[in-house]
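When a ligand or atom number is given, it counts from 1 through the structure's own listing order.
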Amino acid sequence: MLTPGMGAVSTTFMAGVELVRRGESVPVGSLTQLGTIRLGKRTEGRVPKIKDFVPLAKLDDLVFGGWDVFPDDAYQAAVKAGVLESKDLDKVRKFLKSIKPMKAAFDQSYVKNLQGTNVKKGKTKFDLAEQIREDIRDFKKKNKLDRLVMVWCASTEVFLKPEAVHQDLDSFEKAMKANHPAIAPSMLYAWAAISEGVPFANGAPNLTVDIPALEEFAKSKNVPIGGKDFKTGQTLMKTVLAPAFKARMLGLNGWFSTNILGNRDGEVLDDPGSFKTKEESKLGALEYILQPSIYPDLYKKIHHKVRINYYPPRGDNKEGWDNIDIFGWLGYPMQIKVDFLCRDSILAAPIVLDLALFFDLARRAGMRGIQEWLSFYFKSPMCARELYPEHDLFIQSMKLKNTLRWMKGEDLITHLGAEYYD
Ligand SMILES: NC(=O)c1ccc[n+]([C@@H]2O[C@H](COP(=O)([O-])OP(=O)(O)OC[C@H]3O[C@@H](n4cnc5c(N)ncnc54)[C@H](O)[C@@H]3O)[C@@H](O)[C@H]2O)c1
């Protein structure tokens, strides 16, 4: 299990898996570990745990590795991130100390507010990507592993638009060799992972693997890919509430979302380039869920604003406020306020675990390219070019579970249920 980036999310994930393996904790928030799946009719009473229904890798079989621009081992990084308390970290200190970051493929022009020393050297971006491939092979050999999976847990890069060099693999590889500015470091990890047959999931909003060149490459190598941006706090709530308004045909005038957070992610997002990437990712959901062109009376004039403010005293404990202006019968206005005092990495860690296990499963099931059925986990889900992304959490959840049923040859569940009343 490889993570570019060994910061707050990644180390909270690693520490948590080890605590669960030792029986010290329960994997709260993880669908693969705690979730069940109903099979057949409601009268049959068949509700296995997902992990008993599909052959997921066992937690005991996971081995962790990663890259970071800072040389801190996972224990030091976790202490600095300040997410977990020492009463938890002390129990897994030795384990975390043994996970040391490999040198990162990094370029400060893509993450302005970050400077580090544990960085690879190479003449071209292609050379750096080849070094990542070597790291992957070495990690696999050293740890005697059968399979690998990579989840991007590194910082959010500056906003990049798809360009000509992203359109096909040949142009992409030429651009890597020519050090083209449209090739960000995250793309080098993605290219290296696909080259080595390793599934790649993108936990940040960077463009990364969401380009035709890498999609084509993933398909040709039979590698599953997906992204972007873990759906954790505020957007999770948005994709729960907005479908409810739409289901009841309640109107929306505006949605103002603001956040204060003080972790390194917050510091990186303080740069306008990285913030723009995050903003685009956070803004998309409402438009797709509410479909203003189909419901102009309800959603034509939505004022949607997203703000992220770096505020160090809060550390990883983010506060996300939402003010939602809705309207009902005869246009009478109402307001909803959501104040989510959340813990970013506590919400993200189980998503990293689920993505790793499901992407590995997908690879073994012969699924390749974009894994839209895992949209459930992403703020800005990748999907086929001719489709719009599905953001509604409940549709995403149904899609995920139906995909598991389909993999195992079980009947899909439509929730029609007419047979109970024949
Ligand atoms: N926590 C959440 O709720 C959440 C939700 C959605 C997305 N994310 C995204 O997940 C990512 C990780 O979040 P975090 O809180 O752990 O951030 P973090 O800053 O604690 O950790 C990111 C790490 O990545 C490293 N890094 C940056 N560029 C790198 C590169 N090219 N190669 C290797 N390492 C690199 C940094 O040095 C840092 O240690 C961020 O992009 C964040 O936006 C987090």
What is the ring orientation for F95 with F64, classed by angle as parallel under 30°, tilted 30 to 60°, or perpendicular over 60°?
perpendicular
So, F172 versus F217, ring centres under 6.0 angstrom or not?
no
What I want to know is whether P4 and ligand 1 share at least one N or O pair that is separated by under 3.5 angstrom.
no
For atom 25 (C) of ligand 1, which protein heavy atom lies nearest, and how many Å away is it?
D68 OD2, 3.2 Å
In sequence, state the C-alpha distance, the side-chain angles, and the governing distance for Y189 and W152, and then conclude on ring-ring contact (aromatic ring centres under 6.0 Å, His included).
CA-CA 9 Å; Y189 288 93; W152 175 269; 5.5 Å; yes
G203 heavy atoms within 4.0 Å reach ligand 1 at atoms 6 (C), 7 (C), 8 (N), 9 (C), 10 (O)
From atom 22 (C) of ligand 1, work out which of A105, C153, G82 has a heavy atom at the shortest distance.
C153
Taking every heavy atom of S257 against every heavy atom of K238, the minimum-distance pair comes out as OG-NZ, 2.9 Å
Could you tell me whether the side chain of M150 reaches within less than 4.5 Å of the side chain of P199, counting heavy atoms only?
no
Considering only heavy atoms of D229, which atoms of ligand 1 have at least one such atom less than 4.0 Å away?
6 (C), 7 (C)
Are D88 and D90 close enough that some pair of their side-chain heavy atoms sits under 4.5 Å apart?
no
Suppose we measure from atom 17 (O) of ligand 1 to each protein heavy atom; which comes out shortest, and what is that distance?
D265 CB, 3.8 Å
Hey, is Y110 one of the residues with a heavy atom under 4.0 angstrom from ligand 1?
no
For this output row, return yes or no: ring centroids of W321 and F256 closer than 6.0 angstrom.
no
Answer side chain, backbone, both or neither: which part of T232 comes under 4.0 Å from ligand 1, heavy atoms only.
side chain
Using the side chain to side chain donor-acceptor pair (under 3.5 Å) rule, take S30 and D354 through it: C-alpha gap first, then chi angles, then the decisive distance, then the call.
CA-CA 6 Å; S30 163; D354 284 1; 2.7 Å; yes
Mind checking whether L114 contacts ligand 1 via backbone (N, CA, C, O), side chain (CB onward), both or neither, at a 4.0 Å heavy-atom cut-off?
side chain
Do L298 and L250 have side-chain heavy atoms sitting under 4.5 Å apart?
no
Part of K379 with heavy atoms under 4.0 Å of ligand 1, whether side chain, backbone, both or neither:
side chain
A student checking ligand 1 against A104 at a 4.0 Å heavy-atom cut-off should list atoms 32 (N), 33 (C)
Is there any N or O on V9 that sits under 3.5 Å from an N or O of ligand 1?
yes
Students often mix this up, so state it plainly: with edges at 30° and 60°, are the rings of Y377 and F358 parallel, tilted or perpendicular?
tilted
Ligand 1 atoms nearer than 4.0 angstrom to some heavy atom of W67 are 33 (C), 34 (N)
Just going by heavy-atom distances, which of I132, T156, N113 is nearest to atom 43 (O) of ligand 1?
T156
Quick one: do K80 and D72 make a salt bridge, cutoff under 4.0 Å?
yes
Which atoms from ligand 1 have a heavy atom of A204 less than 4.0 Å away?
41 (O)
Per-atom contacts, ligand 1 versus F70 - under 4.0 Å to a heavy atom
37 (O)
Tell me: protein heavy atom nearest atom 21 (O) of ligand 1, and distance?
G7 CA, 3.3 Å
V69 touching ligand 1 at heavy-atom level, < 4.0 angstrom
yes
Atom 19 (O) of ligand 1 sits nearest the protein heavy atom R264 CB, 3.3 Å
Any side-chain heavy atom of D325 sitting closer than 4.5 Å to one from L252?
no
Less than 3.5 Å between some nitrogen or oxygen of Y189 and one of ligand 1, yes or no?
yes
Would you indicate which of S345, A154, G66 comes nearest to atom 11 (C) of ligand 1 when only heavy atoms are counted?
A154
Heteroatom proximity flag, E157 to ligand 1, N/O under 3.5 Å:
no
Around K305, counting heavy atoms of other residues, nucleotides and ligands shown, do more than 12 lie under 6.0 Å from its NZ?
no
Evaluate the criterion salt bridge (charged side-chain N to carboxylate O under 4.0 Å, His left out) for residue pair E24 and K91; output intermediate values, then yes/no.
CA-CA 9 Å; E24 300 269 1; K91 290 182 197 149; 3.5 Å; yes
Can you name the atoms of ligand 1, numbered from 1 with element, that are less than 4.0 Å from a heavy atom of A8?
15 (O), 16 (O), 18 (P), 20 (O), 21 (O)
Nearest protein heavy-atom contact for atom 27 (C) of ligand 1: which residue, which atom, what distance?
S155 OG, 3.1 Å
